[in-house]
Structures are given as structure tokens and as C-alpha cells.
Protein chains: 2
Amino acid sequence: MHTQLNRRMTKQRHIIIEELRKVTSHPTADQLYEMVRKRLPRISLSTVYRNLETLSAEGMILRLDVAGAQKRFDATVENHYHIRCNHCGRVDDVHMEPINEIEEIARRRSKYQSVSHSIEFSGICPDCFGRG
Amino acid sequence: MHTQLNRRMTKQRHIIIEELRKVTSHPTADQLYEMVRKRLPRISLSTVYRNLETLSAEGMILRLDVAGAQKRFDATVENHYHIRCNHCGRVDDVHMEPINEIEEIARRRSKYQSVSHSIEFSGICPDCFGRG
DNA sequence: ATCAGTATTGCTAAGCGTTTGCAATTAGAT
DNA sequence: ATCTAATTGCAAACGCTTAGCAATACTGAT
């Protein structure tokens with residue numbers, strides 16, 4: 001016996017997932033809304049929000065709580081680091097091994113339990129750097 | 001010749017700084033507002049917001065852009081890591097050496113310029129763990 | 001294939017943290 | 001003491017996100 005989710009696959013939900021999987025750009029809810037709207041013009045923004053919420057809650061997609069900015073969403077669930085452009089706000093993946101050892105250090109020093117970590121890099125992206 | 005700031009030390013600004021220096025708890029704007037209000041009952045919340053903004057812009061204080069949560073403020077400016085309780089939202093310092101080497105790795109892999117990093121730990125704080 | 005029941009939708013309005021416009025006040029230089 | 005721009009308090013606006021609700025449409029059972 002396990003938790004019954006009773007989820008339905010509506011065309012809205014289906015297309016939201018599909019569109020999110022098409023890109024690697026970590027779109028915000030409203031960016032994804034615009035993408036989905038091309039195929040489903042009558043979808044509402046709250047439907048997009050609600051699905052991103054439920055899908056990330058069940059671990060189907062990843063929600064990036066970017067510091068001091070809009071939430072972003074990612075169809076790639078495996079834990080990885082991100083870098084955010086200080087100029088245009090875009091978020092890219094950084095491919096490197098997760099440094100899990102620091103969690104043990106933090107756990108000892110802080111007395112917290114169940115410690116996890118995330119690293120957010122920031123800088124100037126190639127595009128913004130190019131055009132000064 | 002250097003940038004002229006033309007800042008004035010109002011009693012509001014003065015007390016905001018003082019109260020922030022009294023604590024190590026990384027208060028949010030409204031928490032600090034309540035603290036300041038005890039000494040300056042007629043201060044407005046926007047004054048607190050405006051001062052926290054200008055003070056952090058000039059580097060007098062540190063603004064913590066906590067992922068997916070309210071901004072928090074810190075009178076300690078030196079770079080250090082934080083840990084956030086997933087249960088009550090409180091934020092504590094984690095005393096450990098900053099791992100600056102990872103910035104070079106991220107710079108090479110991402111092609112971004114002027115890369116900086118921040119690590120946010122999260123977990124369950126001793127208080128929340130104690131009372132289940 | 002039809003049905004029933006409830007998860008989900010679209011719409012709108014509300015929520016929350018934060019920022020802004022503006023007239024009144026006040027720090028700080030002369 | 002006087003001047004002037006920085007700052008304040010208030011209220012209203014803002015941007016992102018969530019919630020209420022009646023209408024719709026999945027899905028599992030018949």
C-alpha cells in the first residue's frame with residue numbers, strides 16, 4: 001500500500017511537461033506559459049502555476065528557488081548546480097561533481113539535521129559580456 | 001575624485017543599523033521593523049525597506065537573498081555561508097572556510113565571467129528537531 | 001459505450017513582500 | 001539662521017504567486 005496520488009493527465013499538463021522538456025533554459029512560469037500558449041491558446045496562467053507546483057512536489061520536475069528572483073523550472077531532476085547571469089537573469093547548468101562532503105561539515109558546525117546544500121554561481125554570461 | 005554619496009545619518013537609519021547589529025538572527029525587513037518600532041514607534045515600514053536597500057547597496061550591511069523566501073539582512077559583511085531551517089525558516093551562520101576554488105571550475109565550464117558563488121545549506125534546526 | 005465522481009480547469013480576485021509617488025520634514029553644509 | 005536636497009511617512013501600486021468557485025473533462029467502474 002502506498003500513497004494514492006490520483007493524478008490525471010490532462011492535455012494542459014501533458015503539453016506543459018513536453019514544452020519544459022524541449023528546453024534547457026530553466027524557464028520561469030510565465031515564460032513557460034507563453035511557450036505552452038502557442039499550442040494551447042486558452043490555457044490560463046494559474047493552470048501553469050498549479051501544474052508546475054504539483055509536478056515539482058512529486059519530483060517529476062525540478063523547481064529552482066533562485067535567490068531573490070522568480071522561480072524557475074527544469075525537466076532535469078538530477079541534482080546539479082546552476083549559474084545565474086547578473087545582467088540578464090538567465091540561468092545555465094554548471095556541469096561538475098556535487099561536493100557532498102561539505103554537508104557533513106555543515107551538519108557538525110551547525111547542529112542541524114538532514115542537511116542538504118545547493119550552490120548558486122553568478123556572473124556575467126557570454127552574451128551579456130560580449131555586448132558589454 | 002570619487003562618487004559622492006551625500007548620505008545623511010537620520011535617527012531612523014541610525015537605529016536601524018544599531019538594532020541590526022544587536023542580533024545574529026538575520027532578520028527579515030518586517031522583523032527588523034518591529035524591533036526598530038520599539039524605539040521609534042512612528043517609523044514606517046518603507047523607511048526600513050529603503051534603508052536596508054541603500055545600506056546593502058553601499059556594502060554597509062549584507063542582504064541575503066534566500067532562495068524562495070523573504071530577504072534577510074545581516075550586519076556582518078564578510079562572506080560566509082548560511083543554513084536555513086526547512087521547518088521554521090530561520091537562518092544561521094555556518095562557520096567554515098569558503099571554497100573559492102569552485103569558482104574557477106564554474107568559470108571554465110560555464111564560460112561566464114566574474115564568477116562568484118554562494119552556498120546555501122538547509123536542514124532541520126536543533127529547535128525544530130527537538131520538538132518533532 | 002455510458003456513467004458517475006472528482007481532479008482539474010479558466011476566470012477573477014486576493015495574497016504577500018516589496019517598491020514607488022508625493023508632499024512634508026529634516027540633516028548638514030554655508 | 002538659512003537653504004536645499006536627502007529622507008521620511010503614508011498610501012497606493014507593483015510583480016509574482018496562490019486561492020475560491022462554478023464549469024469542465026479525465027478515468028475507472030459498470
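All values reported here derive from a predicted model rather than from experimental measurement.
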Asks: Just the table, please: protein N/O against nucleotides 27-30 of chain D N/O, every pair under 3.5 Å.
Replies:
from   : atom 1 : to   : atom 2 : distance (Å)
D:dT27 : OP1    : A:M9 : N      : 2.6

Asks: Determine whether A:I102 and B:F121 satisfy the following criterion, side-chain contact (heavy atoms from CB on, under 4.5 Å), listing intermediate values before the conclusion.
Replies: CA-CA 9 Å; A:I102 54 177; B:F121 295 99; 4.0 Å; yes
Asks: Please identify each residue that fulfils side-chain contact (heavy atoms from CB on, under 4.5 Å) with B:H95, with sequence neighbours left out.
Replies: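 B:D93.
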Asks: In whole Å, I'd like the distance from the NE2 atom of B:H14 to the C1' atom of D:dT8.
Replies: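 Taking NE2 of B:H14 and C1' of D:dT8, I get 17 Å after rounding.
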Asks: Could you tell me whether the phosphate oxygens of D:dC26, OP1 or OP2, come under 4.0 Å of any side-chain nitrogen or oxygen in A:K11?
Replies: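 Answer is yes, contact under 4.0 Å.
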Asks: Walking along DNA chain C from 5' to 3', note the first and the last nucleotide with an atom under 4.0 Å from a heavy atom of chain B, and give both.
Replies: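 On DNA chain C, the outermost contacted nucleotides are C:dG17 to C:dG28.
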Asks: Heavy-atom count check: over 12 atoms from other residues, nucleotides or ligands less than 6.0 Å from A:E97 CD?
Replies: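 Incorrect, the count does not exceed 12.
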Asks: Applying side chain to side chain donor-acceptor pair (under 3.5 Å), name anything that partners A:R8, two or more places apart in sequence or on another chain.
Replies: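 Side chain to side chain donor-acceptor pair (under 3.5 Å) list for A:R8, sorted by chain: empty.
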Asks: Report the residues that fulfil side chain to side chain donor-acceptor pair (under 3.5 Å) with B:S122, sequence neighbours left out, ordered by chain and then residue number.
Replies: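 Checked B:S122 against side chain to side chain donor-acceptor pair (under 3.5 Å); matches are A:S116.
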Asks: Return the minimal non-hydrogen interatomic distance between B:A29 and B:V48, and the atom names on each side.
Replies: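 Of all heavy-atom pairs spanning B:A29 and B:V48, the closest is O-CG1, 3.7 Å.
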Asks: Please name all residues satisfying ring-ring contact (aromatic ring centres under 6.0 Å, His included) with B:H14, sequence neighbours left out, ordered by chain then number.
Replies: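 Checked B:H14 against ring-ring contact (aromatic ring centres under 6.0 Å, His included); zero matches.
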Asks: Specify the separation, in whole Å, of atom CZ of B:R13 and atom C1' of D:dG9.
Replies: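 Whole-Å distance recorded here is 15 Å.
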Asks: Nearest whole angstrom, please: distance from the C1' of D:dA6 to the CD of B:Q12.
Replies: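 About 12 Å, once rounded to whole Å.
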Asks: Which residues pass the side-chain contact (heavy atoms from CB on, under 4.5 Å) test with A:R50, not counting sequence neighbours?
Replies: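 With sequence neighbours excluded, A:R50 shows a side-chain contact (heavy atoms from CB on, under 4.5 Å) to A:S46, A:T47, given in chain and number order.
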Asks: List for me each residue that meets ring-ring contact (aromatic ring centres under 6.0 Å, His included) alongside B:Y81, sequence neighbours excluded, and say none if there are none.
Replies: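 So B:Y81 forms a ring-ring contact (aromatic ring centres under 6.0 Å, His included) with B:H117.
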Asks: Does anything in residues 22-42 of chain B reach DNA chain C, meaning a heavy atom under 4.0 Å, and if so which residues?
Replies: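 Residues of residues 22-42 of chain B that come under 4.0 Å of DNA chain C do not exist, since none gets that close.
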Asks: When the ring planes of B:H26 and B:H82 are compared, do they come out parallel, tilted or perpendicular, using 30° and 60° as the limits?
Replies: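 Answer is perpendicular, since the angle exceeds 60°.
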Asks: Run through B:N51, B:V36, B:L62, B:I61 and flag the one making a side chain to side chain contact (heavy atoms under 4.5 Å, CB included) with B:L20.
Replies: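 That would be B:I61.
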Asks: Running the 4.5 Å side-chain criterion over Ile, Leu, Val, Met, Phe, Trp and Tyr, what cluster does A:V77 land in, apart from itself?
Replies: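 Traced through the cluster, A:V77 reaches no other member.
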Asks: Can you run down the salt bridge (charged side-chain N to carboxylate O under 4.0 Å, His left out) pairs that involve residues 23-32 of chain B, sequence neighbours left out, and say none if there aren't any?
Replies: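 Matches after skipping sequence neighbours: none remain.
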Asks: When you measure from every atom of DNA chain D, which of residues 46-65 of chain B have a heavy atom less than 4.0 Å away?
Replies: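 The stretch gives B:S46, B:T47, B:R50, B:N51 as the residues lying under 4.0 Å from the strand, ordered by number.
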